[in-house]
A.B. asks: 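I have a structure I would like to understand better, so I am pasting it below and will then ask my questions one at a time.
Proteins get letters first, then strands, A, B, ... in listed order; numbering begins at 1 in each. Values below: every heavy atom of this structure, side chains too, minus hydrogens, waters and symmetry copies.
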Amino acid sequence: MIRTRFPPSPTGYLHVGGLRTALYNYLFARKNGGKFIFRVEDTDQKRAVAGAVENLIETLKWASLTYDEGPDIGGPHAPYVQSERTELYQKYAQELVKKGAAYHCFCTAERLYEMRKNQEAKKMAPKYDRHCLRLSPAEIQEKLNQKISSVIRQKIPEGGKTGWNDLVRGQVSFAHETIDDQVLIKSDNFPTYHLANVVDDHNMEITHVIRGEEWLSSTPKHILLYEAFGWKIPEFAHLPLLLNKDRSKLSKRQGDVAVEDYRKKGYLPEAMINFVALLGWHPGGDSTQEIFTLEELVEKFSIEKVHKAGAVFDLEKLDWMNWQWRKRKFDELPGETPQKLFGLCEAFLPDEWKKDKEFLQRCLATVQEKVLQEPQKAQEHLGFYFKNSVAVDPALLANPKMKVDLPTAKKSLEAAMKALESFEKFDDQEALKAKLMEVVAQLGFKNGQVLWPMRVALTGEAFSPGVFEVLWALGKEMALNRLKIALKNL
RNA sequence: GCCGCGUUCGUCUAGUGGCCUAGGACGCCUCCCUCUCACGGAGGAAAUCAUGGGUUCAAAUCCCAUACGCGGUACCA
């Protein structure tokens with residue numbers, strides 16, 4: 001039975017890189033009929049943030065990355081929060097000390113600082129000098145009895161090397177002399193990541209450790225720990241990093257990194273998942289498919305197809321993908337288009353606009369594409385419909401590109417008004433269009449010479465829906481009123 | 001510094017020795033649609049496959065060096 005896990009530390013929000021790591025673990029487990037476990041690694045009390053666990057759970061839920069075991073739903077290996085498992089780590093650390101695979105260290109922060117400074121000065125790799133390894137059992141006991149602050153360090157074997165066959169990188173190995181004697185238990189008695197992670201992965205029967213590349217160089221430490229305990233070593237897969245535009249590790253300084261940020265900006269979970277899935281993975285072959293549902297990803301995912309090189313997080317492609325998903329989800333939504341549009345934008349519109357729902361829905365229909373792209377900006381796109389009076393800027397009305405000057409505008413508006421007055425209601429866009437085209441022909445103008453002034457008079461803006469649509473949405477009374485006001489001010 | 005990992009259009013990528021005069025997507029540009037913007041449609045520019053050596057009849061694909069980039073180098077994860 002394949003078992004994967006996603007173990008973030010609750011130091012804030014879910015990072016987009018974390019989302020991808022979680023996704024790949026999820027996909028790998030689902031694809032192979034295994035289990036996906038969510039665990040909280042809160043062994044660094046200094047960095048713990050209140051509410052972060054809840055936020056992580058909420059975000060995972062939003063993304064539809066459901067897990068089989070976790071802190072909120074329990075499971076056979078509960079608890080799934082490391083701060084509630086501290087006795088376990090103590091027990092295993094003692095076992096390592098007994099086996100000679102770890103040792104007590106009483107060095108002060110000052111001494112370690114001095115030591116590193118010297119090593120750096122000599123251009124050596126900073127590494128613990130094993131000062132405390134020379135202590136006799138009696139000396140150690142003596143210091144322990146005196147309650148001198150201490151830690152437990154992993155004892156890396158003297159010679160040789162440790163390697164493994166990484167599922168994405170192939171054969172990787174590190175010489176033991178380059179590996180530091182890692183602290184396993186801190187002086188506050190909490191374990192470090194290295195110990196807690198290995199202990200939990202073993203106890204939770206994790207078979208595949210799929211994590212970011214930043215863990216590559218600590219992997220030999222972990223393997224050495226598994227070996228010291230005599231435990232089965234899981235498979236490892238180290239994912240390429242997500243990068244900023246300048247190709248450094250994706251960071252907050254250069255844009256949003258929290259999934260939460262994207263969610264707030266209106267990105268759909270399907271788009272985020274789809275986008276992040278393709279950053280470092282591709283189904284391969286001659287497939288040119290770009291849009292994938294979670295189910296399709298599960299079906300197509302394979303760890304061998306994960307890339308080795310980092311990928312730049314490109315917002316422009318995300319935007320495109322979000323647009324694709326918006327259209328798709330909108331089409332799949334049941335119901336009539338006007339109702340659907342209303343549902344999509346409801347939350348972003350002021351209540352007073354909703355009083356005349358029929359009018360609102362007409363207006364929405366004229367800005368469908370824009371509002372579909374950015375529902376959060378619906379108010380902005382509809383603004384001109386809800387103004388009591390439209391201010392017509394002469395500078396806007398006169399448009400050399402459209403071959404419109406003020407006299408032309410005046411002539412056009414007058415003729416258009418007259419023609420439109422013959423309608424009882426503005427309920428037929430085609431009829432409106434036919435009539436106005438007649439006006440264009442009579443005046444001997446270009447379409448734009450009539451329609452541009454009308455746009456400006458009706459909306460007060462340079463960019464708007466088509467004139468016939470606006471006439472239809474506003475209705476006869478309001479539309480003619482706006483034209484009248486514009487004419488009066490000419 | 002040391003250790004490790006990586007390197008195909010600006011970006012995400014296809015590619016596992018001949019099908020590659022290197023394919024797709026995003027973005028960009030042009031045109032079409034058109035009363036504006038957007039949507040939509042059609043084209044286009046864009047990679048001497050990091051560089052230099054090999055191996056081979058044949059290399060983006062295999063090997064070696066170099067360069068560059070990134071990660072790690074904590075009582076953080």
Side-chain angles (χ1 to χ4, degrees), chain A residues 7-9 11 41-44 46-47 105 107 109 112 116 119-127 149-153 166 168-169 172-175 177-180 182-194 196-197 211-220 238 240-241 243 245-249 275 278-291 307-321 323 327 367-370 372-373 381 399 401-402 404 433 436 440 446-456 459 461-468:
Chain A
S9 60
T11 55
E41 307 218 329
D42 58 345
T43 54
D44 187 355
K46 295 186 288 288
R47 297 211 308 166
C105 170
C107 291
L112 293 174
R116 281 196 196 103
Q119 288 169 334
E120 266 173 53
K122 287 183 205 152
K123 302 231 184 267
M124 287 161 59
K127 211 176 125 186
S149 179
S150 69
V151 302
I152 293 177
R153 282 182 187 277
D166 196 276
V168 345
R169 277 151 221 285
V172 181
S173 74
F174 289 80
E177 65 252 33
T178 66
I179 307 173
D180 199 4
Q182 194 66 51
V183 169
L184 262 20
I185 297 281
K186 299 181 261 189
S187 56
D188 64 0
N189 276 329
F190 270 77
T192 58
Y193 171 89
H194 305 284
N197 193 262
R211 73 222 309 194
E213 192 192 332
E214 67 267 32
W215 294 108
L216 196 70
S217 45
S218 4
T219 303
H238 288 93
L241 260 18
L243 273 22
K245 262 197 143 73
D246 67 1
R247 306 203 77 87
S248 56
K249 187 173 161 180
F275 179 60
L278 260 15
L279 247 33
W281 174 84
H282 185 279
D286 37 13
S287 162
T288 57
Q289 185 177 352
E290 299 273 347
I291 303 300
H307 305 148
K308 296 176 164 89
V312 173
F313 193 84
D314 177 21
L315 264 332
E316 282 168 338
K317 190 146 189 178
L318 208 209
D319 285 338
W320 172 80
M321 223 166 238
W323 168 236
K327 285 194 289 189
V367 291
Q368 180 167 339
E369 291 82 11
K370 314 229 174 191
L372 209 48
Q373 279 189 71
H381 291 301
N399 184 333
K401 213 176 152 188
M402 291 279 113
V404 173
K433 180 174 179 179
L436 285 167
V440 169
K446 296 236 175 216
N447 291 350
Q449 288 177 300
V450 173
L451 297 173
W452 176 263
M454 289 188 73
R455 148 169 301 104
V456 176
T459 70
E461 305 194 10
F463 310 133
S464 79
V467 165
F468 313 120

A.B. asks: With C1' as the reference atom in both, quote the distance from rU13(B) to rC49(B) in angstrom, rounded to an integer.
C.D. replies: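 The answer is 13 Å between these two C1' atoms.
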A.B. asks: Write down the distance separating the C1' atoms in rU8(B) and rG69(B), rounded off to the nearest Å.
C.D. replies: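 So the two C1' atoms sit 16 Å from each other.
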A.B. asks: Expressed in angstrom and rounded to an integer, what is the separation of Met124(A) atom CE from rG1(B) atom C1'?
C.D. replies: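 Distance check: Met124(A) CE to rG1(B) C1' gives 11 Å.
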A.B. asks: Is any side-chain N or O of Arg47(A) closer than 4.0 Å to OP1 or OP2 of rA74(B)?
C.D. replies: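 Negative; the distance criterion is not met.
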A.B. asks: Tell me, for nucleotides 3-9 of chain B in 5' to 3' order, what letter each nucleotide earns: B for a base near a protein heavy atom under 4.0 Å, S for only sugar-phosphate near one, - for neither?
C.D. replies: SSSSS--
A.B. asks: Base, sugar-phosphate, or nothing for Lys127(A), non-hydrogen atoms under 4.0 angstrom?
C.D. replies: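 Since no nucleic acid heavy atom lies under 4.0 Å of Lys127(A), the category is nothing.
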A.B. asks: Less than 4.0 angstrom between a side-chain N/O of Lys249(A) and OP1 or OP2 of rG69(B), yes or no?
C.D. replies: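 Answer is no, no contact under 4.0 Å.
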A.B. asks: Give the minimum heavy-atom separation between Thr192(A) and Lys186(A), together with the two atoms involved.
C.D. replies: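 Where Thr192(A) meets Lys186(A) most closely, the heavy atoms are CG2-CG, 3.7 Å.
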A.B. asks: Would you indicate what Val183(A) reaches in the nucleic acid, counting non-hydrogen atoms under 4.0 angstrom: base, sugar-phosphate, or nothing?
C.D. replies: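 If one applies the 4.0 Å heavy-atom cut-off, Val183(A) turns out to touch the sugar-phosphate alone, with no base involved.
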A.B. asks: Taking any heavy-atom pair under 4.0 Å as a contact, classify Gly212(A): base, sugar-phosphate, or nothing.
C.D. replies: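 Here Gly212(A) touches no strand at all.
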A.B. asks: So Lys123(A), base contact, sugar-phosphate only, or nothing? Heavy-atom distance under 4.0 Å.
C.D. replies: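 Sugar-phosphate only.
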A.B. asks: Got a sec, which residues hit ring pair (Phe, Tyr, Trp, His ring centres under 6.0 Å) with Trp215(A), two or more places apart in sequence or on another chain?
C.D. replies: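 Once residues adjacent in sequence are excluded, the partners of Trp215(A) under the ring pair (Phe, Tyr, Trp, His ring centres under 6.0 Å) criterion are Tyr193(A).
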A.B. asks: Sticking with atom C1', work out how far rC29(B) lies from rC76(B), rounded to a whole angstrom.
C.D. replies: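 Looking at atom C1' only, rC29(B) and rC76(B) are 48 Å apart.
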A.B. asks: Quick one: what's the B/S/- string for nucleotides 29-50 of chain B, heavy-atom cutoff under 4.0 Å, read 5' to 3'?
C.D. replies: ------BBBSSS----------
A.B. asks: How close or far is atom C1' of rA14(B) from atom CD of Glu290(A), stated in whole angstroms?
C.D. replies: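 Rounded to the whole Å, the gap is 11 Å.
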A.B. asks: Base, sugar-phosphate alone, or nothing: which one does His307(A) contact when heavy atoms must sit under 4.0 Å apart?
C.D. replies: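 Contact class for His307(A): sugar-phosphate only.
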A.B. asks: Could you tell me whether the phosphate oxygens of rA77(B), OP1 or OP2, come under 4.0 Å of any side-chain nitrogen or oxygen in Thr43(A)?
C.D. replies: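 Indeed, a polar side-chain atom of Thr43(A) lies that close.
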A.B. asks: Taking the P atom of each, how far is rG18(B) from rC63(B), in whole Å?
C.D. replies: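 It works out to 16 Å between them.
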A.B. asks: For Val172(A), give me all partners under side-chain contact (heavy atoms from CB on, under 4.5 Å), at least two apart in sequence or on another chain.
C.D. replies: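 Scan of Val172(A) (side-chain contact (heavy atoms from CB on, under 4.5 Å), adjacent residues dropped) gives Trp164(A), Asp166(A), Arg169(A), Phe174(A).
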A.B. asks: If the P atom of rU11(B) is compared with that of rG27(B), how far apart are they to the nearest Å?
C.D. replies: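 It works out to 16 Å between them.
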A.B. asks: Quick one: side-chain contact (heavy atoms from CB on, under 4.5 Å) partners of Gln289(A), sequence neighbours excluded?
C.D. replies: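 side-chain contact (heavy atoms from CB on, under 4.5 Å) list for Gln289(A), sorted by chain: Ser287(A), Phe292(A), Glu296(A), Lys300(A).
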A.B. asks: Checking side-chain polar atoms at under 3.5 Å, does Arg455(A) have a donor or acceptor matched by the opposite partner on Ser464(A)?
C.D. replies: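 Note: Arg455(A) and Ser464(A) side chains meet the donor-acceptor criterion.
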A.B. asks: Give me the distance, rounded to whole Å, that separates rC68(B) from rC26(B) when you measure between the P atoms they each carry.
C.D. replies: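 Going atom to atom, P in each nucleotide, I get 36 Å.
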A.B. asks: Using modelled atom types only, decide if a donor and an acceptor are shared between the side chain of Lys127(A) and the backbone of Glu177(A) within a distance under 3.5 Å.
C.D. replies: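 Yes, because the side chain of Lys127(A) sits within donor-acceptor range (under 3.5 Å) of the backbone of Glu177(A).
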A.B. asks: Which residues pass the ring pair (Phe, Tyr, Trp, His ring centres under 6.0 Å) test with Phe275(A), not counting sequence neighbours?
C.D. replies: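 Ring pair (Phe, Tyr, Trp, His ring centres under 6.0 Å) check on Phe275(A) returns Phe313(A).
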